[in-house]
A.B. asks: 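One structure follows; several queries about it will come next.
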Amino acid sequence: LFSNMQLLFDLVLLFSTALVASAAPRTCYSRIVSMRKEINSSMENMQTPHFTKRCATKLPKLHIDIHNSCVMSKMRSYLQAVETTSRRCQNTLQPTVQLIKRLYIIMVVPCKAELVFVTDSCNALRRTSSTK
């Protein structure tokens with residue numbers, strides 16, 4: 001009887017731990033990493049459709065590396081470049097632009113304390129492949 005109670009207690013403890021772990025809020029860092037992946041994927045996908053590719057060729061290459069101290073200025077430059085494109089390009093690029101704006105705001109305000117920059121190679125952010 002004792003071993004059955006212990007087993008039941010262990011199962012309840014295991015399930016409650018799993019519930020708490022899945023309900024835990026995402027950290028700023030995990031949120032930034034997730035958004036970085038989404039933006040880099042979106043940037044790569046822009047090279048495929050003909051019209052989107054034409055719009056993307058007018059813009060500077062951008063690779064989001066959240067551990068590179070140049071990332072903030074590169075995102076600002078990219079957003080400014082989007083504003084100089086045609087209205088049609090702006091509309092086409094809107095989902096990616098919104099993601100970049102959200103990431104920028106999150107990195108500047110609530111998550112600034114969690115960021116650790118390990119490099120300052122601005123040229124590395126011009127790559128198009130997301131290997132990091």
Side-chain angles (χ1 to χ4, degrees):
L1 181 67
F2 179 72
S3 66
N4 285 342
M5 289 297 284
Q6 183 64 36
L7 179 63
L8 181 62
F9 177 74
D10 289 343
L11 285 173
V12 168
L13 183 62
L14 177 69
F15 287 124
S16 62
T17 304
L19 281 174
V20 169
S22 67
R26 292 171 48 182
T27 64
C28 272
Y29 183 77
S30 66
R31 189 171 177 194
I32 289 171
V33 168
S34 165
M35 290 178 77
R36 173 197 60 96
K37 288 178 183 175
E38 191 174 350
I39 291 168
N40 285 339
S41 174
S42 177
M43 298 293 280
E44 288 177 9
N45 291 337
M46 271 193 242
Q47 301 303 321
T48 326
H50 182 66
F51 180 73
T52 308
K53 186 175 182 178
R54 273 196 333 223
C55 289
T57 58
K58 299 175 185 176
L59 299 170
K61 300 270 187 241
L62 178 64
H63 173 76
I64 305 289
D65 178 356
I66 59 172
H67 298 111
N68 189 323
S69 63
C70 293
V71 72
M72 302 304 282
S73 64
K74 291 295 180 180
M75 284 193 291
R76 271 193 316 270
S77 296
Y78 186 85
L79 292 171
Q80 289 170 348
V82 168
E83 291 176 8
T84 65
T85 62
S86 69
R87 177 62 64 194
R88 188 170 175 201
C89 282
Q90 289 177 18
N91 291 339
T92 302
L93 301 170
Q94 191 63 23
T96 303
V97 167
Q98 288 302 318
L99 276 173
I100 294 170
K101 285 179 180 178
R102 279 186 27 230
L103 177 61
Y104 184 87
I105 291 168
I106 289 169
M107 288 177 74
V108 168
V109 183
C111 298
K112 189 173 186 172
E114 289 188 30
L115 293 177
V116 176
F117 297 120
V118 294
T119 185
D120 62 353
S121 172
C122 295
N123 287 333
L125 297 177
R126 291 191 181 119
R127 292 181 302 140
T128 56
S129 64
S130 56
T131 55
K132 288 190 178 185

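In this text, all values refer to a predicted model and were calculated from it rather than measured experimentally.
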A.B. asks: Are K37 and N40 side-chain neighbours, meaning at least one heavy-atom pair lies under 4.5 Å?
C.D. replies: no

A.B. asks: Do M35 and I105 belong together in a cluster built from hydrophobic side chains that touch within less than 4.5 Å?
C.D. replies: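 Different hydrophobic clusters.
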
A.B. asks: Rounded at 0.5 Å granularity, tell me how far CD1 in I64 sits from CD1 in I32.
C.D. replies: 11.0 Å

A.B. asks: Locate the shortest heavy-atom distance separating C89 from K58; write the atom from each residue and the value.
C.D. replies: SG-NZ, 4.3 Å

A.B. asks: List the steps, then state whether side-chain contact (heavy atoms from CB on, under 4.5 Å) holds for N68 with F117.
C.D. replies: CA-CA 5 Å; N68 189 323; F117 297 120; 5.6 Å; no

A.B. asks: Nearest 0.5 Å, please: how far is CZ in R76 from NZ in K101?
C.D. replies: 14.5 Å

A.B. asks: Quick one: do V33 and R36 satisfy side-chain contact (heavy atoms from CB on, under 4.5 Å)? Show the steps, please.
C.D. replies: CA-CA 5 Å; V33 168; R36 173 197 60 96; 4.1 Å; yes

A.B. asks: Who pairs with Q90 by side-chain contact (heavy atoms from CB on, under 4.5 Å), at least two apart in sequence or on another chain?
C.D. replies: V82, T85, R87

A.B. asks: Shortest non-hydrogen contact from S121 to C70?
C.D. replies: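 It is C-SG, 4.3 Å.
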
A.B. asks: Between the main-chain N or O of R88 and the side-chain N or O of T92, is there a donor-acceptor pair closer than 3.5 Å?
C.D. replies: yes

A.B. asks: List the steps and the verdict of side-chain contact (heavy atoms from CB on, under 4.5 Å) for I100 and L62.
C.D. replies: CA-CA 11 Å; I100 294 170; L62 178 64; 4.0 Å; yes

A.B. asks: Taking the side chain as everything from C-beta on, heavy atoms only, tell me whether H63 gets closer than 4.5 Å to M43.
C.D. replies: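 No, every pair of side-chain atoms sits at 4.5 Å or beyond.
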
A.B. asks: Are the side chain of S77 and the backbone of S73 linked by a donor-acceptor contact shorter than 3.5 Å?
C.D. replies: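 Checking the backbone N and O of S73 against the side chain of S77, a donor-acceptor pair under 3.5 Å is found.
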
A.B. asks: Go through M107 and M75 one step at a time and tell me if the side-chain contact (heavy atoms from CB on, under 4.5 Å) criterion holds.
C.D. replies: CA-CA 11 Å; M107 288 177 74; M75 284 193 291; 3.8 Å; yes

A.B. asks: Distance check, rounded to the nearest 0.5 Å: I39 atom CD1 versus S41 atom OG?
C.D. replies: 10.5 Å

A.B. asks: Answer yes or no: is there a side-chain heavy-atom contact under 4.5 Å between N45 and T96?
C.D. replies: no

A.B. asks: Could you grab the distance from atom OG of S86 to atom CZ of R54, nearest 0.5 Å is fine?
C.D. replies: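 Answer rounded to 0.5 Å: 8.5 Å.
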
A.B. asks: Would you say C55 and M46 make side-chain contact, with heavy atoms under 4.5 Å?
C.D. replies: no

A.B. asks: Might you point out which heavy atoms bring D120 and S69 nearest each other, and give the distance in Å?
C.D. replies: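 Closest pair (atom of D120, atom of S69, distance): CB-OG, 3.1 Å.
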
